[in-house]
*Asks:* 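Pasting a structure below so you can have a look.
Here is the naming used below: chain letters follow the sequence lines, and residue numbers restart at 1 for every chain.
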There are 2 protein chains.
Amino acid sequence: MSLNCQDEVEATLEVLVGKWKLIILSHIALNKTMRFGEFQKSIPDITKKMLSSQLRDLEYHGIISRKVYNQMPLKVEYAITEYGESLKPILDTLVHWGKNHIEYMSSQEKKVVDSSG
Amino acid sequence: MSLNCQDEVEATLEVLVGKWKLIILSHIALNKTMRFGEFQKSIPDITKKMLSSQLRDLEYHGIISRKVYNQMPLKVEYAITEYGESLKPILDTLVHWGKNHIEYMSSQEKKVVDSSG
DNA sequence: CCGTATCCGGGAAGATACTG
DNA sequence: CAGTATCTTCCCGGATACGG
């Protein structure tokens, strides 16, 4: 057995690496199923190219599924898989820490303002 | 209040982004305090430059501290801060998921082998 | 022993135009 | 509506050499 956990962390990072994957997951984890255009509305700064490639990566790793409805206008629905749901604890800890970190940073800001006044 | 948690995830990612930060953290979280050379031994693939820059980033964000001992040969000790300890739940979930993911992948491998035989 | 300085390539990511 | 194709830009991260 390994004493440190480098391999495990790296294995996870391989799936989650990329500027937008965790952002995408934070949205689809809440909505269960989302369309391409819904992602674009939810994440205004992402380009179609990046959204497309990140979704493909996540699909490749079995985190999300992609279903095409053969109708006009075209409709594609992305859903989080059961395996993808297993990432929720990671998302939760990230959100929790981020929330605290945002508060922490704004409190640091105030300190700087106070000490300068 | 926000319904999705994009800001929180992004805030966390800003601190943890970079090829090596979570790897570094997975080591120092266990050892509490580590020297520069110990990191290099533990993470053979990292270059001095990357190690140095990632450590500086982490120090800047208050995750680790840096203490220089004015002696020859030079000795520098990095320690995880209390704030850095608050990242442990993230590390734990990453390790836990990675462990499961590694098993999952090796089981998929076997399936492929079986179905081809 | 613990880094920094400098140079550089390659991949990540953006902009834009086009397609079924 | 849901992407792909193409071109370009940027900067992360590697290699190497040098400094305190």
*Asks:* Scan A/Tyr78 against the nucleic acid and name what it touches under 4.0 Å (heavy atoms): base, sugar-phosphate only, or nothing.
*Replies:* sugar-phosphate
*Asks:* I need the full list of ring pair (Phe, Tyr, Trp, His ring centres under 6.0 Å) pairs touching residues 45-73 of chain B, with sequence neighbours left out, sorted by first then second residue.
*Replies:* none
*Asks:* To the nearest 0.5 Å, tell me how far B/Thr12 OG1 sits from A/Leu94 CG.
*Replies:* 5.5 Å
*Asks:* Could you tell me from which nucleotide to which nucleotide of DNA chain C, 5' to 3', there is an atom under 4.0 Å from chain B heavy atoms?
*Replies:* C/dC1 to C/dC7
*Asks:* Taking CD from A/Gln71 and P from D/dG3, how many angstroms apart are they, rounded to a whole number?
*Replies:*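 Going from A/Gln71 (CD) to D/dG3 (P), I get 13 Å.
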*Asks:* Is there a side-chain polar atom (N or O) of A/Arg56 under 4.0 Å from OP1 or OP2 of D/dG3?
*Replies:* no
*Asks:* Can you sort out the partners of B/Arg66 under side chain to side chain contact (heavy atoms under 4.5 Å, CB included), two or more places apart, ordered by chain and number?
*Replies:* B/Glu59, B/Val68, B/Val76, B/Tyr78
*Asks:* With each end axis built from five pairs of C1' atoms, what bend angle do you get for the helix from C/dC1-D/dG20 to C/dG20-D/dC1? Round to 10°.
*Replies:* 50°
*Asks:* Counting only heavy atoms not in B/Lys99, do more than 12 fall under 6.0 Å of its NZ?
*Replies:* no
*Asks:* Enumerate the residue pairs fulfilling side-chain hydrogen bond (donor to acceptor under 3.5 Å, both in side chains) with a member in residues 35-48 of chain A, sequence neighbours excluded, ordered by first and then second residue.
*Replies:*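 Checked against side-chain hydrogen bond (donor to acceptor under 3.5 Å, both in side chains) - neighbours excluded - no pair reaches residues 35-48 of chain A.
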*Asks:* Does A/Glu82 have more than 12 heavy atoms from other residues, nucleotides or ligands lying within 6.0 Å of its CD?
*Replies:* no
*Asks:* To the nearest Å, give me how far apart NZ (A/Lys67) and C1' (D/dC1) are.
*Replies:*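 Value for this atom pair: 17 Å.
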*Asks:* Indicate whether OP1 or OP2 belonging to D/dG13 is found under 4.0 Å from a side-chain N or O atom of B/Ser53.
*Replies:*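 B/Ser53 to D/dG13 OP1/OP2: no side-chain N or O under 4.0 Å.
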*Asks:* Using the ring-ring contact (aromatic ring centres under 6.0 Å, His included) criterion, which residues pair with B/Trp97? Sequence neighbours excluded.
*Replies:*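 Applying ring-ring contact (aromatic ring centres under 6.0 Å, His included) to B/Trp97 gives A/Tyr83, B/His101.
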*Asks:* Would you kindly give the CD-to-P distance between A/Gln54 and D/dA2, to the nearest whole Å?
*Replies:*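 Result: 18 Å.
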*Asks:* Do any side-chain atoms of residues 15-32 of chain A form donor-acceptor pairs under 3.5 angstrom with protein atoms, and if so which ones, sequence neighbours left out?
*Replies:*
unit_1, atom_1, unit_2, atom_2, d
A/Lys21, NZ, A/Val17, O, 2.7
A/Lys21, NZ, A/Asp57, OD2, 3.1
A/Ser26, OG, A/Ile23, O, 2.7
A/His27, NE2, B/Gln6, OE1, 2.7
A/Lys32, NZ, A/Glu85, OE2, 3.2

*Asks:* Within residues 32-42 of chain B, which residues have any heavy atom lying less than 4.0 Å from an atom of DNA chain C?
*Replies:* B/Arg35, B/Phe36, B/Gly37
*Asks:* Does the protein touch nucleotides 14-20 of chain D at the base, only the backbone, or not at all? Give it as B, S and - per nucleotide, heavy atoms under 4.0 Å.
*Replies:* BB----B
